[in-house]
Amino acid sequence: MSEITDKTVPEYKSLNFIEQIVEEDIRNGKNEGRVHTRFPPEPNGYLHIGHAKSICLNFGLGLKYNGKTNLRFDDTNPSKEEQEYVDSIKEDVRWLGFDWEGREFYASDYFETLYEFAQKLIRKELAYVCELSAEQISTMRGTPNVPATPSPFRERSVDENLDLFGRMRAGEFPDSSHTLRAKIDLASPNMHMRDPVLYRIMHVDHHRTGTAWCIYPMYDYAHGQSDSLEGITHSICTLEFEVHRPLYEWFLRALEIFPSRQIEFARLNVTYTVMSKRKLLELVTSGLVKAWDDPRLPTICGLRRRGYTPQSIREFADRVGVAKRENVISIALLEHCLREDLNKRALRVMAVLNPLKVVITNYPEGKVEEIDAVNNPEDAEAGKRKVPFSRELYIERDDFIIDPPKKFYRLAPGREVRLRYSYFVTCVDYKTDAEGNVTEIHCTYDPATYGGNAPDGRKVQGTIHWVSAAEAVKAEVRLYEPLFMIESPEDVPEGEDYKQNLNPDSLKVITAFVEPGLADAVALTNYQFERLGYFNVDPDSVSGSPVFNRTVTLKDSWSKMEKDGKTQ
RNA sequence: UGUCCGAUGGUGUAAUUGGUAACACAACUGAUUCUGGAUCAGUCGAGUCCAGGUUCGAGCCCUGGUCGGACAACCA
């Protein structure tokens, strides 16, 4: 077998169904081989990990096929949209590492053109001004089995429609009194084809067009035409728009404009969290989480503050794949991508979250040694740093047990372990309080093991981390657990409150001791607290009082063994 | 209920478009290690929702069913 077939076959196999469509279009010379996509958020909320999948898909396609990707704000409903959201969306897309190369567009850029398109439809007798109320339209629309009853305004003359539509725009009518509707098929089994509303009257200021308009186009009427005007070749959206596709195509055909093609894929769901805008908004406004960038939220800004890297999110988007089947991706995969990335790049430091004092009884009082510590064993170029070592240290409370279970490799009376980077120490004594809780332990150290190795070649089973008591810096550490206690909080049956599944312990704040070098840690920097997990610097930090977020724990086979009862 | 869409190991995705089910994550075992991390090697695990049909051959095609989802806003 030749090397060429070995390489080309798997590459071909790994195309997702959208890439297959795109490549087929290129092969057939459709759109002159051009590929042009867009990411079209409505600026009415913050982006989340689900949007990240769509962003990676759209921009990824543009990059892969030497095409372009626009950023377009779908701002057709001024009552819900704000500049704040526009700004955050741009920041998030950029942070993820994508560039729309100045092609920042708005559906509102096309309001005038869209208006002219509507006049064209009226002239073609494909649209009419309707004076039915929303309720009337709804009841007269019928049901999937029962055809709609025609609006009494359906057969107005072109001139009358043109006149009325112009007066709608001119502001002569109050909100909701008139709509412009397409004249399509009242008996269609697809409810979207039963004379959908194209324009509604809303005397509301728009965040970009101000008071210029009081009629606003509906999504269905604006989206495809915006795609078409921008020359979008492949308009990718989520599954729920599948039923809208006939309408999308109807407009482009009726208007005789560039035929963008809509393709739907299954949206991303992740375990133990919610993705719906409504729920996220509710969590934020009700104070159940602190803000849109609360590190427990699946929002892009929340993930960023939590310590996620853009690379890890892009890798994740890549691995979840693209298909039309509904899916729920395990949060474990996201965390895997994160650890994989952070392992390569995060600097290692020592921090003790739950301190237990250790006195090295044979170590000189007042002496402080600066010990060499490796910054990142995965990256030789990361170099070394100095960490102070002295007579009194803190170690993790979990790393000492008076009566240790089987396979416990850490400290216990009479046991010798290595203090990372420094010396072997042996526990010779411990003190307890009235309740029997250990308050302090006494160890002796072996000066010959400086640097962490014994010249006589003896081995220890465990290596534990530590921090020098006098030099350590106090830090606030925020420990996060999943926001919800059940895997699919979004699935809660109608009528039940999804909030009852919120995890009351999703945030725990503690005070920890960290290496002195971390006193002025820079916001958002990722670190690995050795043996504990990845932590990043929260923007709440001030000089001398750093604040850390636990991004994700390290894989922990010990606690797993404990849980599985393998230490009995 | 009508139309549309989907169904492949625990979870996702793939299968050269009809050629004998693969990859990742998870799980498990071992090696290695100054992080019980990382790394390396390996193991387990579905016969493709069901029933028929076409075919030398079906996860891919056809028929009928089952289950799940979307749609019936002047939201997107």
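We name chains A, B, ... by the order of the sequence lines, and we start the count at 1 in each one.
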Quiz item: Which is true for Arg194(A) with a 4.0 Å heavy-atom rule: it touches a base, it touches only sugar-phosphate, or it touches nothing?
Solution: nothing
Quiz item: Do the side chain of Gln528(A) and the base of U35(B) come within less than 3.5 angstrom through a donor-acceptor pair of N or O atoms?
Solution: yes
Quiz item: For U17(B), does the O4'-C1'-N9-C4 (purine) or O4'-C1'-N1-C2 (pyrimidine) torsion place it in syn, i.e. within 90° of 0, or in anti?
Solution: syn
Quiz item: Can you tell me if the side-chain N/O atoms of Gln20(A) get under 4.0 Å from OP1 or OP2 in A15(B)?
Solution: yes
Exercise. Please identify each residue that fulfils ring pair (Phe, Tyr, Trp, His ring centres under 6.0 Å) with Tyr199(A), with sequence neighbours left out.
Key: Phe165(A), Tyr221(A)
Quiz prompt | Pairs involving residues 214-228 of chain A, ordered by first then second residue, that meet salt bridge (Lys or Arg N to Asp or Glu O under 4.0 Å) (sequence neighbours left out) | solution = Arg38(A)-Asp227(A), Arg72(A)-Asp227(A)
Exercise. Would you indicate what Arg410(A) reaches in the nucleic acid, counting non-hydrogen atoms under 4.0 angstrom: base, sugar-phosphate, or nothing?
Key: base
Practice problem: For Ile395(A) and G36(B), give me the distance from atom CD1 to atom P, rounded to whole Å. | Solution: 13 Å
Practice problem: Using the P atom on both, measure G52(B) against A46(B) and round to a whole Å. | Solution: 23 Å
Practice problem: Remember a base hit wins even if backbone is also touched, and classify Val374(A) as base, sugar-phosphate or nothing at under 4.0 Å, heavy atoms. | Solution: nothing
Exercise. Enumerate the residue pairs fulfilling salt bridge (Lys or Arg N to Asp or Glu O under 4.0 Å) with a member in residues 186-204 of chain A, sequence neighbours excluded, ordered by first and then second residue.
Key: Arg154(A)-Asp195(A)
Quiz item: Looking only at atom types and distance, does a side-chain atom of Ser260(A) sit under 3.5 Å from a main-chain N or O of Ile232(A), one as donor and one as acceptor?
Solution: yes
Exercise. Please determine if a side-chain N or O atom of Ser557(A) lies less than 4.0 Å away from the OP1 or OP2 oxygen of G37(B).
Key: yes
Self-check item: Asn354(A) side-chain N/O to Glu396(A) backbone N/O, donor-acceptor pair under 3.5 Å
Solution: no
Self-check item: Sequence-distant partners of Arg314(A), salt bridge (charged side-chain N to carboxylate O under 4.0 Å, His left out), two or more places apart
Solution: none
Self-check item: Intra- and inter-strand pairs of RNA chain B in dot-bracket (Watson-Crick or G-U wobble, both distances under 3.5 Å; | for another strand)
Solution: .((((((..((((.....[..)))).(((((.......))))).....(((((..]....))))))))))).....
Practice problem: With heavy atoms under 4.0 Å as the rule, sort Val460(A) into base, sugar-phosphate or nothing. | Solution: nothing
Quiz item: Across the strands shown, which category fits Phe408(A) at heavy-atom distances under 4.0 angstrom: base, sugar-phosphate, nothing?
Solution: base
Quiz item: Do you see a donor-acceptor pair shorter than 3.5 Å between the side chains of Tyr527(A) and Glu515(A)?
Solution: no
Exercise. Among residues two or more places apart or on two chains, list those pairs meeting side-chain hydrogen bond (donor to acceptor under 3.5 Å, both in side chains) that have a residue in residues 334-347 of chain A.
Key: Thr309(A)-Asp341(A), Gln311(A)-Arg345(A), Arg319(A)-His336(A), Arg319(A)-Glu340(A), Asp341(A)-Arg345(A), Asn343(A)-Arg348(A)
Self-check item: Syn/anti state for G59(B) [syn: chi within 90° of 0]
Solution: anti
Practice problem: Please figure out whether Trp558(A) or Val328(A) has its closest RNA chain B nucleotide nearer the 5' end. | Solution: Val328(A)
Practice problem: May I have the distance from Met561(A) (atom CE) to G36(B) (atom P), rounded to whole angstrom? | Solution: 12 Å
Quiz prompt | Partner set under ring pair (Phe, Tyr, Trp, His ring centres under 6.0 Å) for His465(A), not counting sequence neighbours | solution = none
Quiz item: Expressed in whole Å, how much space separates the C1' atoms belonging to C25(B) and U66(B)?
Solution: 30 Å
Self-check item: By ring pair (Phe, Tyr, Trp, His ring centres under 6.0 Å) - contacts of Tyr409(A) (at least two apart)
Solution: none
Quiz prompt | Contact nearer the 5' end of RNA chain B, comparing Gly321(A) with Leu532(A) | solution = Gly321(A)
Self-check item: Under 4.0 Å protein heavy-atom contacts per nucleotide of nucleotides 67-76 of chain B, with B for base, S for backbone only and - for none
Solution: --SSSBSBBB
Exercise. Could you tell me which residues satisfy ring pair (Phe, Tyr, Trp, His ring centres under 6.0 Å) with Phe39(A), sequence neighbours excluded, listed by chain and number?
Key: none
What pairs of nitrogen or oxygen atoms, one from the protein and one from nucleotides 18-26 of chain B, lie under 3.5 Å apart?
residue: A24(B); atom: O2'; partner: Arg319(A); partner atom: NH1; Å: 3.1

Quiz item: What's the verdict on side-chain contact (heavy atoms from CB on, under 4.5 Å) for Phe111(A) and His206(A), showing C-alpha distance, side-chain angles and the deciding distance?
Solution: CA-CA 12 Å; Phe111(A) 281 175; His206(A) 185 281; 4.2 Å; yes
Exercise. Not counting sequence neighbours, list each pair that qualifies as a salt bridge (Lys or Arg N to Asp or Glu O under 4.0 Å) and has a residue in residues 456-468 of chain A.
Key: Glu416(A)-Arg458(A), Asp446(A)-Arg458(A), Asp456(A)-Arg458(A)
Practice problem: Would you indicate, yes or no, if C28(B) has its OP1 or OP2 atom less than 4.0 angstrom from a side-chain nitrogen or oxygen of Lys560(A)? | Solution: yes
Quiz prompt | Nearest-angstrom distance, P atom, U48(B) to G37(B) | solution = 38 Å
